[in-house]
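Structure first, commentary second.
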Number of protein chains: 2
Amino acid sequence: MTRRTPRPRERGIPEATVARLPVYLRALQSLTERGTPTVSSGELASIAGVNSAKLRKDLSHLGSYGTRGVGYDVEYLIYQISRELGLTQDWSVAIVGAGNLGRALANYGGFGTRGFRIAALFDADPAVVGDEVAGLSVRHIDTLEDVVSVEKVSIGVIATPAAAAQGVCDRFVSAGVTSVLNFAPVVLSVPDGVDVRKVDLSIELQILAFHEQRKADGHEGPGWIGALEA
Amino acid sequence: MTRRTPRPRERGIPEATVARLPVYLRALQSLTERGTPTVSSGELASIAGVNSAKLRKDLSHLGSYGTRGVGYDVEYLIYQISRELGLTQDWSVAIVGAGNLGRALANYGGFGTRGFRIAALFDADPAVVGDEVAGLSVRHIDTLEDVVSVEKVSIGVIATPAAAAQGVCDRFVSAGVTSVLNFAPVVLSVPDGVDVRKVDLSIELQILAFHEQRKADGHEGPGWIGALEA
DNA sequence: TAGATTGTTAATCGATTAACAATC
DNA sequence: TAGATTGTTAATCGATTAACAATC
């Protein structure tokens, strides 16, 4: 016998939708700045750079927050998306690596109107420890565990050279951090239950190079997929 | 009567595959450093952090470069993937914005064993123009068009504040650049035929926050769907 | 009421994966 | 030959999109 429970109101938003919610949020914030009180799915989709059917489908996963014939109330939708993303609370972020990249990240002030607080910036180099960056004093990496615990850090950002990244990640994880954002060019291995996201300059460039090459090739075959046989 | 041509050897590699090729390439390069001559799909997949069926499927889009019962020749596969990605030629890259981020990018030396050359670094601030960064002298943004043309820049990187990004993008595009990597938190609008990729710290943090919140919630519903890409 | 726009359905498309025949 | 591993098939799953009934 297969179980056939009646499906408990399908929670769980598709990953692809989660990844777009921040984009919608940013678009909505720009509308607030312009003082726009209400927006249709078509307008919002166009600002966010997506198809309007997709936008409506995405929002429908959160609930029914629009008004037929009218559109969406900008402030209200900002609130609902923020809540869904968990931005109505503050998350403590720690950055390891106080090189140019770490400093750039620490100085990246406006995290889409808050939700995040840079609690600490670490480095292994004694010559850098103590530097003032974005109002923080760079701490020595040896204090990572203490700081994570005291500051209740829940997101760790790795901005170190590749060779150091896995070690830093392990320390984050054993200190209890369960979300990691990795800028180092390595695949991190982490236990189940820890989320890792990766940002990699060289991968992005290589993907662009692939398409650039295709453009130069003179488009043999279904080069730009879709262009033809439409 | 429907046409029934025999299908001309299906060119066109799926986007999802293209995005993973750089990851395989990096894994293979680490194997070369260790002097490993041959690798199976299972081993390579594990290093790259993907499923081995997916890896074999991805590679099958490039051709048939493995040996049954043996595996893949590391050097040969590096060459084939590099060729497919267009890394057997050199691409000129220009970066706009010589703040911490721009400097971090310019200093990011090893682009997965080359394929890219940082041809120029621009800034609008006269106080910064002339600074030496990664062996380059920072140029004034007004010279962008000239430099793009002389240096044959094909990839433009935007590391400016949000407000400046669209303007810089427009200048890149009208100077003939058809691939843009954008680090500014805005949706760029570009004509057809121009590829834009976007890297956005605050979006990455927001996605992590969403999952972090779910963990804290006590896992109602299908909480952490497959942790991440793995 | 007439016009506009949402929320949802259903079709389609693309991506993932297990399984296995081919073959080294 | 026996063992190993690829390349491919086919099933499944998830994401996109057009279309439209519901409804403001």
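In what follows, every chain begins at residue 1, and chains take the letters A, B, ... in the order their sequences are listed.
The Ser40(A) side chain lies nearest to dT6(C) when the options are dT17(C), dT16(D), dT6(C). Listed nucleotides: dT16(C), dC24(D), dT6(D). Nearest to the side chain of Thr67(A): dC24(D). When distances are taken from the side chain of Lys54(B) to each of dT16(C), dT16(D), dC20(C), the shortest belongs to dT16(C). You'll find that the side chain of Tyr72(B) is closest to dT6(D), out of dA18(D), dT6(D), dT16(D). Listed nucleotides dA15(C), dT16(D), dG7(D) differ in distance to Pro14(B); the shortest reach to its side chain belongs to dA15(C). Nearest nucleotide to the Lys57(B) side chain, out of dT9(D), dT16(D), dT6(C): dT9(D).
Using a 4.0 Å heavy-atom cutoff across all strands shown, Ala53(B) reaches at least one base atom of the nucleic acid.
Note on Asn51(B): every side-chain N or O is 4.0 Å or more away from OP1 and OP2 of dA15(C). The side chain of Arg20(A) places an N or O atom within less than 4.0 Å of a non-bridging phosphate oxygen (OP1 or OP2) of dT16(D). For dT5(C), the OP1/OP2 oxygens have no side-chain nitrogen or oxygen of Ser41(A) closer than 4.0 Å.
The nearest whole Å value for the distance from the OH atom in Tyr65(B) to the P atom in dG7(D) is 10 Å. Per the geometry, CZ belonging to Arg56(B) stands 12 Å off P belonging to dA19(C), to the nearest Å. Distance CD (Glu15(A)) to P (dT16(D)): 12 Å, rounded to an integer number of Å. At whole-Å resolution of the value, CG in Leu77(A) and P in dT6(C) are 11 Å apart. When rounded to the nearest whole Å, the span between CD of Glu43(B) and P of dA4(D) equals 13 Å. Here dT8(C) presents its P atom at 11 Å from CG of Leu59(A), a figure rounded to the nearest Å. Atoms CG (Asp58(A)) and P (dT16(D)) sit 7 Å apart, rounded to a whole Å. The distance between atom NE2 of His61(A) and atom P of dT6(C), rounded to the nearest whole Å, is 16 Å.
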Quiz prompt | Candidate pair Tyr72(A) and Tyr65(A), rule ring-ring contact (aromatic ring centres under 6.0 Å, His included), full reasoning | solution = CA-CA 7 Å; Tyr72(A) 301 88; Tyr65(A) 299 136; 8.9 Å; no
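The backbone N or O of Ser60(A) lies less than 3.5 Å from no partner atom in the side chain of Ser64(A), so there is not a single donor-acceptor pair. Looking at Lys215(A), its side chain never comes within 3.5 Å of a backbone N or O of Val194(B) through a donor-acceptor pair.
For the residue pair Glu151(A) / Ser92(A), no side-chain donor-acceptor distance below 3.5 Å is found, with atom types taken as modelled. A donor-acceptor pair shorter than 3.5 Å cannot be found between the side chains of Tyr79(B) and Glu75(B).
Nucleotide dA22(D) is matched to dT5(C) when pairs are restricted to Watson-Crick or G-U wobble geometry with both distances under 3.5 angstrom. Of all nucleotides present, only dA10(D) satisfies the Watson-Crick or G-U wobble test against dT17(C), with each distance under 3.5 Å.
The base of dT23(C) has none of its N or O atoms less than 3.5 Å from a complementary donor or acceptor on the side chain of Arg68(B).
Nearest-nucleotide positions on DNA chain D for Ala16(A) and Ser64(B) put Ser64(B) closer to the 5' end.
Ile78(A) places a side-chain heavy atom less than 4.5 Å from the side chain of Ser82(A).
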